[in-house]
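Owing to the predicted nature of the structure, the values given are computational and were not obtained by experimental measurement. Quick note: residue numbers are just sequence positions, from 1. Read the numbers this way: they start at 1 and go in the same order the structure lists the ligands and their atoms.
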Amino acid sequence: MPDSAQHDAQTIHVLLEEGRAFKPSAAFTAQANAADKDIYERAEKDPEGFWASFAEELDWHKKWDKVLEWESPDAKWFVGGKINACYNCVDRHVQNGKRNKAALIWEGEPGEKRTLTYWDVYREVNKFANALKGLGIKKGDRVAIYLPMVPELIISVLACARIGAVHSVVFAGFSPEALAERINDAEAKLLITADGGFRRGMIIPLKHDADFALINTPSIESVVIVKRGDFPLRVKEGRDHWYHRLMQEADNYCEPEWMDSEDMLYILYTSGTTGKPKGIVHTTGGYLVGTYATSKLVFDLKPEDVFWCTADVGWVTGHSYLVYGPMANGATQVIYEGAPDWPDRDRFWQIVENNGVTVFYTAPTAIRAFMRWGEDEPDRHDLSTLRLLGSVGEPINPEAWMWYHKHIGGEKCPIVDTWWQTETGAIMITPLPGLTTTKPGSATRPFPGIKAEIRTDSGEVVEQGGGYLALTRPWPSMLRGIYGDPERFRDTYWTKWKDGAYFTGDGAKRDADGYFWVLGRVDDVINIAGHRLSTMEVESAFVDHPDVVETAVVGVADEIKGQAIAAFVTLREGVEMDDRLEERLKEHVVRKIGAIARPRQILFSAELPKTRSGKIMRRLLRDIASGRVPGDTSTLADPTVVEKLKRRYEED
Ligand code: WT7
């Protein structure tokens with residue numbers, strides 16, 4: 001089990017004894033979208049009927065014939081239905097009285113502000129959809145998007161959905177190499193990027209970076225560049241087009257492409273246990289139903305709310321709870337481009353105050369950073385508009401939960417700790433804010449209609465205690481595959497147990513009240529600041545450096561980020577050690593993957609602990625890197641290696 005999981009397991013033990021619990025206020029319950037406890041029972045009796053009732057609230061071009069066809073691992077939801085995701089997020093609001101409602105309230109990091117109404121979004125999306133068509137993009141084509149958090153990112157996503165093109169958003173913090181790998185895997189025809197973006201006052205020259213990727217991406221025919229600032233770049237005649245120029249020439253209206261419910265909506269890459277990222281595939285109808293329903297019930301969205309999900313659209317949280325879920329609900333949202341500590345550490349609270357944010361959704365890593373910066377930062381602002389708080393991305397430690405509750409929520413806001421994954425598409429385990437008594441650190445119970453279990457290796461259900469987290473019934477927003485790799489799809493998620501249940505890769509516990517406590521990954525995936533990286537991916541980046549012959553990477557507990565990377569590196573013979581080598585290797589990994597993959601520490605060692613068959617014992621390395629007494633070393637080819645490493649580590 002990962003180190004953070006062990007740490008949290010201890011905390012949880014203490015907490016369970018202490019038994020802190022928070023019941024929703026009667027006032028919150030009275031106004032909540034989910035106010036009736038029967039909802040769980042109703043959904044349990046007829047899950048398909050439950051999901052269909054939300055599908056009814058969307059606009060279908062043609063209604064489905066059948067709610068579900070399921071044979072593990074293949075699911076079809078709302079079979080025979082025709083629908084367009086963009087139409088449901090934009091057109092229907094323009095037609096139904098929300099034409100002039102603010103859809104997106106955007107703040108750039110340097111401080112500029114733009115508000116787009118649903119009408120504005122409608123106009124922009126239609127025009128950009130036509131521009132994409134003009135560049136030869138058709139239904140089913142893949143479009144890569146590498147943009148900072150600007151409104152054009154959301155417009156690009158929706159424009160793709162409008163014409164049935166499959167979007168593949170690549171987080172702008174990823175390196176050009178990571179971008180190229182994703183473009184090539186999806187064989188994207190077009191790339192949408194920007195001249196640059198801002199981060200902590202610095203300019204990130206995205207187009208300039210993307211040009212490095214574009215050297216090795218034969219499938220790309222055109223590039224669209226959004227002008228964010230005045231950043232220098234090279235425009236390749238015939239291939240590169242300015243967004244604003246295309247928009248000047250584009251027609252105002254583009255008929256939405258009526259997609260089959262099971263047509264692909266997007267691909268989003270996430271790390272698995274191997275070096276190669278997985279292109280998680282989501283389809284249209286079920287995904288929209290799942291994100292719509294969870295946004296409505298978990299975030300309790302009302303027409304007058306101002307919702308702020310701080311995630312970047314480069315991650316699944318941004319896809320589901322910035323673009324599709326809230327917009328299908330016709331919500332008003334805040335989007336912020338930059339860092340929480342720019343220009344000062346109260347930037348978030350300034351944004352909450354200025355925009356009267358009511359529902360706020362962020363990650364534990366951010367909450368822990370706020371904690372460290374001190375309560376004076378939020379205390380200087382009027383946060384009284386907030387009525388509901390959310391958390392996502394990793395287990396939230398109870399201390400951070402309590403701080404969030406007290407200093408951000410003013411002890412009056414329910415907190416929804418939402419567990420889900422890129423693969424699940426929508427929130428799976430979560431409180432319903434008007435119904436669920438919360439316990440700090442627990443994601444509580446499965447969302448209505450979702451069935452989760454704790455299982456042993458052999459598949460026995462653990463009613464109370466720890467084990468693997470499994471989802472044992474299909475759900476509408478479930479992944480439909482790994483792009484181009486059905487075998488990996490099956491092997492990764494569906495073959496752990498005989499009955500074909502979904503294996504999440506997480507360990508969890510269930511307490512006496514049936515509450516779930518997610519502990520963290522049980523595989524070789526590290527969760528850094530709520531983002532997944534595979535140890536293999538980082539190891540490949542290391543050994544790509546000419547000075548490195550072998551490496552093993554492990555996740556270690558980190559006070560702010562949850563986990564951080566510790567690397568054990570064996571250098572090629574004859575390489576001179578110098579003071580800068582460690583920094584050079586770190587830079588190399590950042591260049592290969594992106595800044596999120598920067599290792600925290602590197603320990604150089606001539607040998608790594610290996611079994612007789614040559615397998616590196618990462619468990620022992622985790623022990624060493626976490627300062628624990630290394631476990632069983634009897635299977636090692638050379639048990640003295642561990643002692644030596646441990647001594648070296650303590651000296652380091
Ligand atoms: C992994 C999924 C889902 C959006 C962000 C991350 C961990 C996520 C929680 C939570 C405990 C959580 C799990 C999961 N995780 N939310 N509330 N409590 N752990 O998406 O990159 O696909 O990562 O994040 O380990 O498997 P992702």
Ranked by distance from atom 23 (O) of ligand 1, the top protein heavy atom is R532 CD, 3.0 Å
Exactly one of R199, R200, R347 clears salt bridge (Lys or Arg N to Asp or Glu O under 4.0 Å) with D341, and that residue is R200
For D506, is at least one N or O under 3.5 Å away from an N or O on ligand 1?
-> yes
**T270 N/O to ligand 1 N/O under 3.5 Å** = no
Query raised in the report: Does any N or O in the side chain of D511 come within less than 3.5 Å of the main-chain N or O of D513, such that one atom is a donor and the other an acceptor?
Result: yes
Ligand 1 to T504 polar contact by distance, N or O atoms, under 3.5 Å: no
Numbered in order shown, the ligand 1 atoms found under 4.0 Å of a heavy atom of T317 are 4 (C), 5 (C)
For this session: Measure from NZ or CZ of R182 to the centre of the six-membered ring of F174, then state whether that distance is under 6.0 Å and the direction lies within 45° of the axis.
Result: yes
Ligand 1 atoms nearer than 4.0 angstrom to some heavy atom of N527 are 7 (C), 24 (O)
Centre-to-centre under 6.0 Å for W401 and Y404, is that the case here? no
Kindly state whether the ring of F171 and the ring of W315 have centres lying under 6.0 angstrom apart.
-> yes
Original post:
Hey, does the side chain of E107 reach the backbone of I335 with a donor-acceptor pair shorter than 3.5 angstrom?
Top reply: no
Numbered in order shown, the ligand 1 atoms found under 4.0 Å of a heavy atom of V518 are 11 (C), 19 (N)
In this structure, atom 3 (C) of ligand 1 is nearest to the protein heavy atom W420 O, 3.1 Å
For G530, the ligand 1 atoms with a heavy-atom partner under 4.0 Å come out as 6 (C)
query = Short N/O distance, under 3.5 Å, between T422 and ligand 1?
reply = yes
Worksheet item: When you measure from the centre of the six-membered ring of Y515, is the NZ or CZ of K439 under 6.0 Å away and within 45° of the axis?
Response: yes
Contact region, P395 to ligand 1, non-hydrogen atoms below 4.0 Å, reads both
the protein heavy atom lying closest to atom 24 (O) of ligand 1 turns out to be G393 O, 3.2 Å
For the residue pair F299 and Y321, does the interplanar ring angle fall in the parallel (under 30°), tilted (30 to 60°) or perpendicular (over 60°) class?
perpendicular
Out of H319, E394, R521, M428, the nearest non-hydrogen contact to atom 10 (C) of ligand 1 is supplied by E394
Under 4.0 Å between heavy atoms, the region of T418 that gets near ligand 1 turns out to be backbone
Per-atom filter on ligand 1: closer than 4.0 angstrom to a heavy atom of V316 are 4 (C)
Against the six-membered ring of Y468, is K496 placed for a cation-pi contact (under 6.0 Å from the centre, within 45° of the normal)?
yes
| request: Flag this pair as yes if the NZ/CZ of R455 is under 6.0 angstrom from the six-membered ring centre of W497 and inside a 45 degree cone about the axis; otherwise no. | output: yes
